[in-house]
Student: 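My structure is below; once you've seen it, I'll send some questions.
Residue numbering restarts at 1 for every chain, and letters A, B, ... go by the order of the sequence lines.
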Protein chains: 4
Amino acid sequence: MLKVGVVGATGYAGEEVIKILLAHKSVSITELSAVIDKEESFSSIFPAFKGKLDIICKKPDPEAMAKNVDLVFLGLPHKVSMDVAPVFLKAGKLVIDLSADYRLDPDVYKIWYGAEHRDKTNLGQAVYGLPELYLEKIKKAKLLSNPGCYPTGIILGISPALKNGIVEFSRIISDSKSGVTGAGRKPDLALSFPEVNENLKAYKVNDHQHKPEINRILSDVAGHAIDIIFTPHLIPMNRGILSTIYLRLTKSLDTKAAVGIYRNFYKGKPFVRISDEGKLPQIRDVVGTNYCDIGLKVTGGDLIVVSCIDNLKKGAAGQAVQNMNIMCGFPETEGLL
Amino acid sequence: MLKVGVVGATGYAGEEVIKILLAHKSVSITELSAVIDKEESFSSIFPAFKGKLDIICKKPDPEAMAKNVDLVFLGLPHKVSMDVAPVFLKAGKLVIDLSADYRLDPDVYKIWYGAEHRDKTNLGQAVYGLPELYLEKIKKAKLLSNPGCYPTGIILGISPALKNGIVEFSRIISDSKSGVTGAGRKPDLALSFPEVNENLKAYKVNDHQHKPEINRILSDVAGHAIDIIFTPHLIPMNRGILSTIYLRLTKSLDTKAAVGIYRNFYKGKPFVRISDEGKLPQIRDVVGTNYCDIGLKVTGGDLIVVSCIDNLKKGAAGQAVQNMNIMCGFPETEGLL
Amino acid sequence: MLKVGVVGATGYAGEEVIKILLAHKSVSITELSAVIDKEESFSSIFPAFKGKLDIICKKPDPEAMAKNVDLVFLGLPHKVSMDVAPVFLKAGKLVIDLSADYRLDPDVYKIWYGAEHRDKTNLGQAVYGLPELYLEKIKKAKLLSNPGCYPTGIILGISPALKNGIVEFSRIISDSKSGVTGAGRKPDLALSFPEVNENLKAYKVNDHQHKPEINRILSDVAGHAIDIIFTPHLIPMNRGILSTIYLRLTKSLDTKAAVGIYRNFYKGKPFVRISDEGKLPQIRDVVGTNYCDIGLKVTGGDLIVVSCIDNLKKGAAGQAVQNMNIMCGFPETEGLL
Amino acid sequence: MLKVGVVGATGYAGEEVIKILLAHKSVSITELSAVIDKEESFSSIFPAFKGKLDIICKKPDPEAMAKNVDLVFLGLPHKVSMDVAPVFLKAGKLVIDLSADYRLDPDVYKIWYGAEHRDKTNLGQAVYGLPELYLEKIKKAKLLSNPGCYPTGIILGISPALKNGIVEFSRIISDSKSGVTGAGRKPDLALSFPEVNENLKAYKVNDHQHKPEINRILSDVAGHAIDIIFTPHLIPMNRGILSTIYLRLTKSLDTKAAVGIYRNFYKGKPFVRISDEGKLPQIRDVVGTNYCDIGLKVTGGDLIVVSCIDNLKKGAAGQAVQNMNIMCGFPETEGLL
């Protein structure tokens with residue numbers, strides 16, 4: 001049994017990682033930590049886990065935790081992970097980081113996250129954990145940088161079209177809609193129920209910190225610099241991201257052909273499902289699952305893509321476990337179906 | 001006092017018209033009708049109106065109703081209005097129709113609504129009731145065709161840019177998100193709470209019946225044929241439509257200049273508010289009001305417009321009353337502030 | 001025009017008071033204050049008020065504000081009001097306090113709010129602002145203590161039965177369900193959207209700070225010490241409190257007779273509506289209104305009462321304005337219909 | 001592998017049974033049926049099941065289905081099950097019925113469901129499937145009558161107190177709050193999103209068809225006729241029932257002692273969890289699980305019980321699978337943790 005620890009166990013992503021791991025055959029959760037007032041059993045903090053996970057959730061002490069784990073998930077805020085990951089790496093442990101700290105070049109990171117990167121050594125070896133694109137690299141990763149929630153759905157929704165050269169590089173638009181857990185578990189007036197419920201807003205229009213991450217990977221896929229237009233929206237629901245993506249076709253193509261191209265691209269990938277022609281996915285098809293469901297429609301000269309994920313599963317914890325499975329040689333879908 | 005009737009009084013739009021009229025100084029509601037099992041007081045059907053509106057809601061009988069009203073609001077389904085409006089018009093009454101029956105040319109109507117138009121005579125004289133664009137025509141209208149909910153927010157969000165020639169005619173994209181009352185009050189599994197709540201979906205992608213209406217008016221504004229890309233989405237909230245609109249700039253322009261152009265365009269229009277540079281409207285700013293709030297952001301070569309309305313106010317009943325005010329010479333804002 | 005100030009203008013109750021006053025004929029809002037980072041126009045803080053209320057919202061300075069108002073609404077947290085009210089009272093201004101600071105005897109206050117009362121002088125003269133019970137006293141009030149949200153609906157739901165001696169004094173149970181705005185506008189993890197949405201909980205079971213307030217007034221009504229059993233619940237909706245009240249009948253009675261007793265009790269009271277026999281109110285009947293709707297059902301030996309209010313209207317701001325109307329000799333319903 | 005069929009596969013309960021069975025080690029789903037327009041794969045109807053369950057969902061034909069199953073779940077409306085169950089029983093198959101058709105004596109059934117019972121023979125042998133009370137009988141059941149959603153949470157919340165003689169038999173009150181899936185998947189205006197969202201109501205006050213079921217079982221537990229007061233409420237959330245139960249103590253007792261009595265009663269029962277003294281369960285602790293979480297508080301002379309279940313799991317499909325496990329000799333928790 002692989003001994004696994006979770007740092008940031010009380011965040012939405014950390015809790016979700018734990019939920020998934022409890023059903024995983026080859027893993028034992030040996031350590032939990034979080035910034036908490038007093039150390040107590042995880043099931044005291046979250047009664048839903050009563051009888052399922054009663055070990056103590058400790059205050060953060062990476063050095064101590066490193067002695068009792070083979071692999072650690074870091075569910076930490078940005079700018080904190082880069083101080084914690086090196087401790088585990090130095091101790092020879094595998095690290096799966098769910099923050100943005102290892103997703104960007106240091107100069108881009110500084111622009112978008114407002115801080116000098118403090119772990120450039122490890123940054124250079126971090127592997128971007130989108131298994132549908134980087135499977136082989138993930139197999140050998142020691143430090144896995146788990147993708148952001150928006151980037152996961154958007155990159156998976158655009159890559160087949162870019163890779164197959166059927167759409168223009170310019171004016172790629174992703175109009176994305178996210179549930180509220182995407183903002184993390186924290187006291188924040190803007191996330192308060194009456195502020196979000198019966199409301200809807202666009203925010204950080206074309207100025208969201210996930211944009212450089214999306215651009216970086218899409219440019220890698222296209223072999224050409226890509227700069228998308230990206231508008232995130234906050235939706236009054238707990239979970240899920242639906243991205244409506246507008247791509248300009250470079251050649252005449254019908255929906256059926258597009259579906260064929262996408263299915264071919266994701267052949268053998270267990271967590272991407274392409275909707276039949278004439279159908280589109282919706283959030284409830286993917287909530288609670290690790291799937292990214294993608295629907296396509298050719299209309300006029302545009303290919304419109306609808307991409308759906310559960311932001312806490314394929315957009316965070318589920319993908320993190322998928323990456324763990326690949327890194328550790330477990331079946332890719334173990335614990336995730 | 002103007003004697004007013006409401007046909008379809010139990011629908012969301014009809015009920016909202018009534019709510020507004022109850023606070024209107026120059027109007028008396030004399031007649032209500034709806035397809036109901038038994039005729040009873042309106043406050044028996046909707047207890048919220050107890051002590052406010054206790055007149056009987058009758059079964060439909062346009063001829064009879066026409067004798068006791070000066071003006072009638074038709075809150076009827078598409079394809080029903082065109083059989084009812086002529087009765088009131090023939091009796092010399094003013095008609096404000098909230099359906100789609102008088103918004104399109106008969107041939108386009110047939111394509112999108114699947115029926116031959118049965119009142120082409122009156123159709124030719126119907127005035128499209130978007131007061132910010134067609135004020136003078138509305139003043140003289142006998143048959144007012146009230147705009148659709150999506151078209152109202154989208155047309156108001158795009159017109160200033162088109163009229164001022166700052167954006168391209170092609171590849172105008174409106175990614176629109178609507179609350180559930182937009183679909184009307186009716187038993188429908190797809191609108192059932194558990195099907196909508198914690199869900200989110202795109203529907204009728206670039207194939208929604210409001211598209212030809214939008215195209216018709218925008219083409220009129222631009223003096224050039226416009227064919228937008230329009231994707232509606234269903235959001236788990238009761239009210240509100242937020243449209244995120246992507247326009248390709250034809251000239252270099254910053255956000256401040258765009259704000260100036262929009263404010264100039266809507267100068268003196270009481271129900272359009274343009275957000276300050278750096279701010280964007282959200283749904284809760286407009287819910288319960290007749291405002292259309294519009295925010296702008298220039299980014300790269302695009303002008304991104306965020307347009308918010310309450311679909312039952314500015315998107316239906318509020319705009320209908322605004323039109324009544326103009327048609328009858330009342331102050332445009334009476335009952336609406 | 002009465003010059004009115006609102007302290008705590010950015011809270012839910014303060015904002016709602018302002019919304020109501022904007023439609024009030026005899027009132028002019030001259031001063032707003034709140035604990036804010038910088039002083040700016042109220043419509044900059046809440047864009048929904050753009051074009052409706054553009055005066056500056058200032059940082060708190062009661063002495064200065066007192067010079068420019070005739071009456072002030074205090075929408076402050078408990079334990080803050082008792083330091084602010086005396087300033088306005090000393091300056092000879094009318095005060096309507098929406099906090100709990102003037103609702104209880106000082107010794108009871110200390111037990112439930114954990115603080116010594118610091119304004120016992122004025123406390124002795126404060127009038128409890130439930131107009132349906134204390135109209136004459138309110139007319140002469142200088143310091144009006146506005147009732148809590150739960151107490152309003154519960155007291156109105158029980159008083160007629162107690163006063164008419166048809167129910168037992170003991171084992172009165174109120175099982176109450178509240179929307180989230182009842183908890184105030186503040187950053188609080190427990191009020192965060194994903195924590196409240198798709199969830200439901202009882203809290204402070206028979207231990208809520210509104211219990212002594214309810215007991216005090218009901219004891220006054222009954223002329224006998226009353227100690228209710230009171231369980232509040234948090235419901236995933238923005239507004240509204242529905243209390244289901246279980247009362248043991250002391251005599252044989254049918255629902256029709258109970259309806260008669262209640263209607264008689266509230267005869268001439270504009271904001272209490274008793275449902276017809278066989279019908280029960282629901283939250284949407286009262287949301288956005290100042291009504292308390294009450295439904296009754298006799299079953300077995302019990303009288304079950306369902307009482308509905310909008311917690312921000314009749315449960316806070318609406319009732320506060322109703323009290324202002326009475327204190328100032330305006331029509332009781334002005335601004336509230 | 002046990003061959004299992006699901007009749008009514010497209011209802012909420014049927015779909016949930018299927019979801020659970022897909023993760024069950026000893027079961028193979030061989031047959032699905034529902035009232036549908038055309039026979040197609042289950043994953044075509046519900047795309048969420050794509051790649052997980054692609055067999056055809058057929059139109060109802062019990063005789064044909066009986067040939068290819070060992071056990072069948074009936075997720076049918078009341079008054080339909082009693083015509084279908086006999087077909088499977090005659091063919092020697094095990095039947096788990098989720099409707100109310102086999103829960104009541106025929107005369108009581110007639111009063112509450114308005115129909116003569118048409119299968120009195122099998123009714124006499126039906127076993128009430130609440131495993132925490134009737135384990136031994138369930139082991140031998142051929143026709144299992146699965147409890148209603150409200151009854152499950154209420155009976156589990158009251159039984160320990162009744163059985164231990166610590167509460168009075170009279171004036172037992174259950175104030176229950178349910179999510180919307182409890183009403184079933186069907187087009188119904190009253191269940192439409194805008195009618196339920198931002199609303200809250202009591203319904204069928206002390207007159208709900210689950211009341212005689214609760215009374216029947218509680219009377220059996222108490223050895224004394226019980227007639228509870230039961231008020232159901234509809235809450236704007238998808239899943240979950242929270243019942244707040246008021247019981248009059250017959251002896252002096254503190255919360256700690258009550259917790260002890262309840263824990264002792266449910267010793268060894270895997271799906272009932274009693275909260276620690278001072279804590280109460282909430283809906284999110286049980287959503288998605290088969291647990292019934294129960295919290296207790298002694299206050300004054302009353303024992304207040306808060307009982308939480310997921311209405312589709314422990315309140316329907318989860319309990320149905322738990323019963324299947326017991327009937328077939330599988331581990332009781334198989335597929336349910």
Student: Check each atom of D:Val205 against the heavy atoms of chain C and say whether the ones under 4.5 Å are side chain, backbone, both or neither.
Tutor: both
Student: Quick check: are there more than 12 heavy atoms from other residues, nucleotides or ligands sitting under 6.0 Å from NZ of D:Lys256?
Tutor: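 It does not: D:Lys256 NZ has 12 such atoms or fewer within range.
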Student: Among the options C:Pro236, C:Ala202, C:Gly295, pick out the one with the most heavy-atom pairs lying under 4.5 Å from chain D.
Tutor: C:Pro236
Student: Would you check if the side chain of D:Arg171 reaches a backbone N or O of C:Arg171 as a donor-acceptor pair within less than 3.5 Å?
Tutor: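 Present.
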Student: Within the 4.5 Å heavy-atom criterion, are D:Arg284 and C:Glu195 side-chain neighbours or not?
Tutor: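 When only atoms from C-beta onward are counted, C:Glu195 and D:Arg284 do touch, with a gap below 4.5 Å.
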Student: Donor-acceptor check, side chain of C:Glu198 to backbone of D:Asn238, threshold 3.5 angstrom: yes or no?
Tutor: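 Yes; at least one donor-acceptor contact below 3.5 Å.
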Student: With a 4.5 angstrom heavy-atom cut-off, is it the side chain or the backbone of D:Leu200 that approaches chain C, or both, or neither?
Tutor: both
Student: Less than 4.5 Å apart, any side-chain heavy atom of D:Ile235 and any of C:Met237?
Tutor: no
Student: Before accepting this row, confirm whether a basic side-chain N of the pair D:Lys177/C:Asp175 lies closer than 4.0 Å to the acidic partner's carboxylate O.
Tutor: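 So D:Lys177 pairs with C:Asp175 through a salt bridge.
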Student: Could you tell me whether the side chain of C:Asn199 and the main chain of D:Ile283 form a donor-acceptor pair under 3.5 Å?
Tutor: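 Between the backbone of D:Ile283 and the side chain of C:Asn199 there is a qualifying donor-acceptor contact (under 3.5 Å).
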Student: Under a 4.5 Å cutoff for heavy-atom pairs, which residue among D:Asp227, D:Asn206, D:Asp285 has the most contacts with chain C?
Tutor: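 Greatest number of close heavy-atom pairs with chain C: D:Asn206.
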Student: How far apart are the closest heavy atoms of D:Asp207 and C:Lys297, and which atoms are they?
Tutor: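 Closest approach of D:Asp207 to C:Lys297, heavy atoms only: CB-NZ, 3.8 Å.
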Student: Only pairs of heavy atoms separated by less than 4.5 Å count here; which of D:Asn197, D:Val287, D:Ile229 has the most with chain C?
Tutor: D:Ile229
Student: Answer whether the closest heavy-atom distance between the side chains of C:Tyr203 and D:Leu280 falls below 4.5 Å.
Tutor: no
Student: Measuring only between side-chain heavy atoms, which start at C-beta, is C:Lys201 closer than 4.5 Å to D:Val306?
Tutor: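 No - every pair of side-chain heavy atoms lies 4.5 Å or more apart.
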